[in-house]
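Report on the structure given below.
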Amino acid sequence: YAVGMEGGMYFVNDSWFVSDWVVVRDRNGEKGIAGTPRYFVPEYLAKHVTADFDLSAVLEKQLDMKNLTLLICISLWSKL
């Protein structure tokens with residue numbers, strides 16, 4: 001199997017949103033694509049996002065957590 005996951009923030013109608021998507025390809029070349037809905041990102045968080053400080057880093061700082069992205073990935077993969 002090959003798995004690709006990506007996410008991003010989007011500015012729509014004066015508000016920031018985040019969404020994610022995944023593509024899975026099996027050994028026979030069959031492909032599956034899925035994505036999440038857009039989730040609103042409050043301005044008090046969005047204003048801290050930069051090219052060098054992504055939303056995960058902002059959330060880690062705001063929530064005083066370490067390795068938030070890793071914890072989310074582990075949680076998602078444990079459900080498969």
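Reckoned from all heavy atoms, side chains included, excluding hydrogens, waters and symmetry mates. Remember, predicted model here, so these are calculated numbers, not experimental data.
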Apply side-chain contact (heavy atoms from CB on, under 4.5 Å) to [X] and list each qualifying residue two or more places apart in sequence or on a separate chain.
| X | result |
| --- | --- |
| Val22 | Val3, Met5, Val24, Ala34 |
| Val49 | Met9, Leu55, Val58 |
| Asp26 | Tyr1, Asn28, Glu30 |

*Calculate, to the nearest 0.5 Å, the distance between atoms NZ and CG belonging to Lys61 and Leu45 respectively.*
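If we round to the nearest 0.5 Å, Lys61:NZ and Leu45:CG are 12.0 Å apart.
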
*Looking at Pro37 and Ser19, what are the two nearest heavy atoms and their distance?*
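In this case the closest contact between Pro37 and Ser19 is O-CB, 3.6 Å.
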
_For Tyr10, the rest of its hydrophobic cluster, which grows through side-chain links under 4.5 angstrom_ =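 Val12, Phe17, Trp21, Phe40, listed by chain and number.
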
*Residues in ring-ring contact (aromatic ring centres under 6.0 Å, His included) with Tyr44, at least two apart?*
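Scan of Tyr44 (ring-ring contact (aromatic ring centres under 6.0 Å, His included), adjacent residues dropped) gives none.
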
